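Heads up: the structure comes next, in structure tokens.
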Amino acid sequence: MNRLTVSQRLWRLCCSLKLAIVLASAATLFAIGGSLTIHFHPRIYGNLDTTPLAQWLLAASRDHAGEIWWLWVTGVLFLLFGLNTLCCFVDWLIHINLRWRKLGEYLIHLGFVLFVGAFFWGSLAGTRTDGVRLFVGALTPVPGNPGTYLRLDHFEPVMSDNGRPLDMINQLTLLRGESVLAETVAKINHPLIYKDLVVTVMSFGQSAKGFQVLIPNLGMVELVPGQHLRLPGGGRLEVLEFLPDAVRHRNQWTARSERLVDPVFRLRLTRPGLEPWEGWYPLREEIPFPLIQAGVRIWPKQPLFANYSLVRANRDPGAGVALAGGICLLIGSLIALGSFYRKRSRGDRPEIV
Amino acid sequence: MLAHQPVILNIIFACYLAALPCYLLHFFRHKRGWRVLAVSAMLTGFALQSALLAARWLEAGYLPVTNLFSTQYFFSWALVLTYLYFDVRYRVGSSGLFVVVINLLLLGSVLQRDPEIPILIPSLDTPLFTIHIICSFTGYAMFAMAFTLGVIYLINRYIPNKRLPDPVVLRKLNEEAIFLGFILFSICMIAGCIWAYIAWGFYFSWEIKSLWSFIVWLFYAGMCHAKFIRRWQGTGYAWLSLLGFGVVLFTYLGIGLLLESSHPLE
């Protein structure tokens, strides 16, 4: 009887069905236990879906190492299980002339390996960003994708008769510099997909963008960031910033919330022959003295709101590989189904270990 | 047809209920007439249930499986379909009766519920939902069948009875149920992953229902391998079928009813 070399024995172990069952069982048990801790510790695991796994694990390990250790163990077990499945698949490929009738089963193996590989790749190299606000006509940088921008060309919420939101129609354009990379009408279940980037619609809302004000000699005007007003006498009033709810800290105003509570404008006044003035104008307080000096009176009339669409922009370099894995799994399942009944009708029995 | 749903539901329930004693009488007396009656009652109930399901589907414009009533109704339909497959093909008869009992419990518990079809929420408006649901529940039904066959196998093992089918036959049928369930559940998972990707931007979620669905898939993938190991054949496999169905029940009912998830049942 031929004795096996060390490398042959090692290869047999790597391809071993019993090792696969041990690894899968251990991973399953850890996943069962861990899943219950996920449910009962929402403060720890609440953002697990909104952050790539590797990034989340590193951050959570600093504060909650005692609670999340099972995730490390499960991850390692799955990695080993994936490698074991890969070895099993390679071993089948080596002996394909003898085992070709197991094509369906081994396509399922390949699908699983691709899926596990894709998941680890995406967890390590992907990015996830929730709650990206897109305003109509504005360019918004895509987080995690330097140089690329999203432009919302048109937005239309679809409401039911009783005012319940049904869908959100987002005419989206993805740009790199001036060149258009992708255009689509994104809505629920219809994302914008470009290579490894997927932009899904989440929600929509309104935010205060400025105020409609009455200025003597100018009439009703809209004060919104970017607005330039020509004043009588050759002066110019520029709106630099608008904060719907701000708090004062050492003569500086910082944003407190997005609700319309304590609105503040940052303005710049330029007059011929005089030093320009730049400062804050809290609407609940008196108008700043330099504006009074310049003869500018402002009476706020009503807030102005802008609709925005809230999207999620995720980048997952493994998504394509995962899809390939899914296709292998699907084709493998169908072939395995056909061959199962064929083998049954021919009375074939499986090899027993 | 939809106007008479409560009446039709009661008739379907009565058909399945009538089949139960007929199967039992066939088991104890071995007279062909009882079996013919039992199968006829099951087929009549199934035909009515299928017709009502089709009518509800046509009326709604989508597969109505979005609340507790409709999921239990569909699960019940899938269970009967599975049972009839095994009974017509392999004459499992009373060996699969536990599936009929589960079906009666499922259907009986929804008789008092409102059968009105809920409005489809936009995120469910995709063909992936239909594939996901059909494969998920038919997969669950196969696992329930495997559970039944496992129970009968164990009864036969510890309290041998000549009326029960041969253990080798039971083992083969159990393996078939597990294999079919695994294939169907794999398709369900693939559709679910693609759907999750286009709806949420990621194909695997750490949300408890998704995680447990993956656990179910992994468990039955393990079972598909365990049949190649001598030690796990027969009795071990039967025990695994029981354990697996426990995992399935927790995934379907436990999480849906007791915990908050992305797949609520109410």
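Predicted model only: the values in this text are computed from it and were never measured. No hydrogens, no waters, no symmetry mates; every other heavy atom, side chains included, goes into these values.
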Give the C-alpha distance, both sets of side-chain angles, the deciding distance and a yes or no for side chain to side chain contact (heavy atoms under 4.5 Å, CB included) between A:I21 and B:I229. CA-CA 10 Å; A:I21 290 177; B:I229 295 178; 3.3 Å; yes

Before you tell me yes or no, could you show the steps for B:I198 and A:H190 under side chain to side chain contact (heavy atoms under 4.5 Å, CB included), namely the whole-Å CA-CA distance, both residues' side-chain angles and the distance that decides it to 0.1 Å? CA-CA 6 Å; B:I198 62 167; A:H190 293 84; over 6 Å; no

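Taking the six-membered ring for Trp and thresholds of 30 and 60 degrees, B:F179 and A:F340 have nearly parallel ring planes, at less than 30 degrees apart. A perpendicular orientation is assigned to the rings of B:H225 and A:H109, their planes being inclined by more than 60° (bins at 30° and 60°).
Residue-environment remark: CZ (B:F245) exceeds the threshold of 12 foreign heavy atoms within 6.0 Å. Open room surrounds CG on A:D161; 12 or fewer heavy atoms of other groups in view lie less than 6.0 Å from it. The number of heavy-atom neighbours closer than 6.0 Å to CH2 of A:W121, taken from other residues, nucleotides and ligands shown, is 12 or below. By the 6.0 Å contact criterion, CD1 on B:I119 is open, its count of non-hydrogen atoms from other residues, nucleotides or ligands being 12 or less.
Distance CD1/B:I183 to CG/A:L334: 7.5 Å, rounded to 0.5 Å. Note: A:I327 CD1 to B:I190 CD1 = 9.0 Å, rounded to the nearest 0.5 Å. In this structure, B:F202 CZ and A:L53 CG are separated by 12.5 Å, a value rounded to the nearest 0.5 Å. Atoms CD1 and CD1, on A:I188 and B:I121 in that order, are 8.5 Å from each other to the nearest 0.5 Å. With rounding to the nearest 0.5 Å, the separation of CZ in B:F182 from CD1 in A:I108 is 5.5 Å.
Within the 4.5 angstrom heavy-atom criterion, only side-chain atoms of B:S186, from C-beta onward, approach chain A. Residue B:W232 does not touch chain A at all, counting heavy-atom pairs closer than 4.5 Å. Proximity to chain A (any heavy atom under 4.5 Å) is restricted, for B:I194, to the side chain, taken from C-beta onward.
Aromatic pair B:Y203/A:F115: ring centres closer than 6.0 Å.
For the residue pair B:E207 / A:Y45, no side-chain donor-acceptor distance below 3.5 Å is found, with atom types taken as modelled. Counting only N and O atoms by type, the side chains of B:W212 and A:S35 include a donor and acceptor under 3.5 Å apart. A donor atom on one side chain and an acceptor atom on the other are found under 3.5 Å apart for A:N189 and B:W195.
Of all the listed residues (A:I32, A:T28, A:L337), the one sharing the greatest number of non-hydrogen pairs under 4.5 Å with chain B is A:I32.
Proximity of B:E176 to A:Y341: side-chain heavy atoms (C-beta onward) are separated by under 4.5 Å at one or more points. With a 4.5 Å cut-off on side-chain heavy atoms, A:L330 and B:I187 count as touching.
Of the possible donor and acceptor atoms, one in the side chain of A:R312 sits under 3.5 Å from a partner among the backbone N and O of B:W200. In terms of modelled atom types and a separation under 3.5 Å, the side chain of A:D49 and the main chain of B:W206 share a donor-acceptor contact.
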